[in-house]
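First listed ligand is number 1; within each ligand, the first listed atom is number 1.
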Amino acid sequence: MNKRKRKAVIAGNWKMNMTPDEASAMISELRELVKGKRGCEIVLCVPAIDIPAAVKAAKGSRIKIGAENVHFEEKGAFTGEISAKMLTSSGVEYVIVGHSERRQYFGETDETVNRRVKAALNAGLKVILCVGEVLAQRDLGITAEVLKMQTKIALNGVPAEQLENLIIAYEPVWAIGTGRVATPEQADEGNGFVRSAVEELYGKKAAEALTVQYGGSMNEKNASDLLGKVNVDGGLIGGASLVASKFAAIVDAAQ
Ligand code: 13P
């Protein structure tokens, strides 16, 4: 398998952190630190309210801006929600779908994840689809089954031509925000389960071309070991994406 053929993508997920002013300041600092770092795509997924400031601060740099969620309907009576068109018309290129915090706290299911994935891809957004097992599932020995099920339901009805706009992030829930990072071997294995689910749906060539990220307590210290694994094509980074120097160090590790 030739990892070099795949696009490496280092993406930050700010979650519910940073005001618009803080977003501008962080991105202004980051854009200088990542100048000329062409070895990977660089993305920051930011809270909706930060999008205009983030897009402005990133303009003319290699940093792309993403959102953290998107609704599956085009428009209508969905108080508090944001549509794919609202995102694209605001300069957003990426969107995270199915993050475990959305699944855990906001009633996201595999079916709603699937609807959001399709709406976002149809609107021309690049999707970072998150999948991951909780600790009880890992302890039961059903990690592979969980990852394959989440991946297959999320991609139900997605045509092969749209896979070029899809990234999947394997994020073991027990590793998120806990400081308990997966070992490089566990990350490689989990990413491999995701890739084989994609192979079962779309064939080997499509699976080998897909960018699969690892996420969960990735930081400037452990990034190069994780990114060195054959199935790990990038990272989705929470805490360490809030500090320009730390995030830039992870971008460096991906070069
Ligand atoms: P942490 O890097 O803070 O563990 O968060 C990972 C994550 O959830 C990224 O989406």
Check for me, please, whether V92 and I167 land in the same ILVMFWY cluster - side-chain distances under 4.5 Å, paths through other members count. no
With hydrophobic residues grouped by side-chain heavy-atom distances under 4.5 Å, do V158 and V127 end up in a single group? yes
Indicate, as side chain, backbone, both or neither, the part of N13 found under 4.0 angstrom from ligand 1 when only non-hydrogen atoms are considered. side chain
Region of S241 that comes within reach of ligand 1 [heavy atoms, distance under 4.0 Å]: neither
Residues, nucleotides or ligands: over 12 heavy atoms within 6.0 Å of K152 NZ: yes
[X] versus ligand 1: do any nitrogen or oxygen atoms come within less than 3.5 Å of each other?
| X | value |
| --- | --- |
| G238 | yes |
| G177 | yes |
| E101 | no |
| T178 | no |
| L236 | no |

Show which atoms of ligand 1 fall inside a sub-4.0 Å distance from at least one heavy-atom site of [X].
| X | value |
| --- | --- |
| G239 | 1 (P), 2 (O), 3 (O) |
| S217 | 1 (P), 2 (O), 4 (O) |
| H99 | 7 (C), 8 (O), 9 (C), 10 (O) |
| A175 | 4 (O) |
| K15 | 5 (O), 6 (C), 7 (C), 8 (O) |

Does G215 have a non-hydrogen atom less than 4.0 Å from ligand 1? no
Mark the output for G216 as yes if a heavy-atom distance to ligand 1 is under 4.0 Å, and as no if none is. yes
Apply side-chain contact (heavy atoms from CB on, under 4.5 Å) to the pair I96 and C130, showing each step before the final yes or no. CA-CA 7 Å; I96 296 172; C130 299; 3.7 Å; yes
Between the side chains of Q162 and N122, does any donor sit under 3.5 Å from an acceptor? yes
Regarding E185 and K229, does a basic nitrogen lie under 4.0 Å from an acidic carboxylate oxygen? yes
Keeping the roles fixed (side chain from [X], backbone from [Y]), state whether a donor-acceptor pair exists under 3.5 Å.
| X | Y | value |
| --- | --- | --- |
| R180 | W174 | no |
| D110 | I153 | no |
| R195 | L210 | yes |

What residue and heavy atom of the protein are closest to atom 7 (C) of ligand 1, and at what distance? E171 OE2, 3.2 Å
Check each of R116, R115, R103 against E108 using the salt bridge (Lys or Arg N to Asp or Glu O under 4.0 Å) test, and report the only one that passes. R116
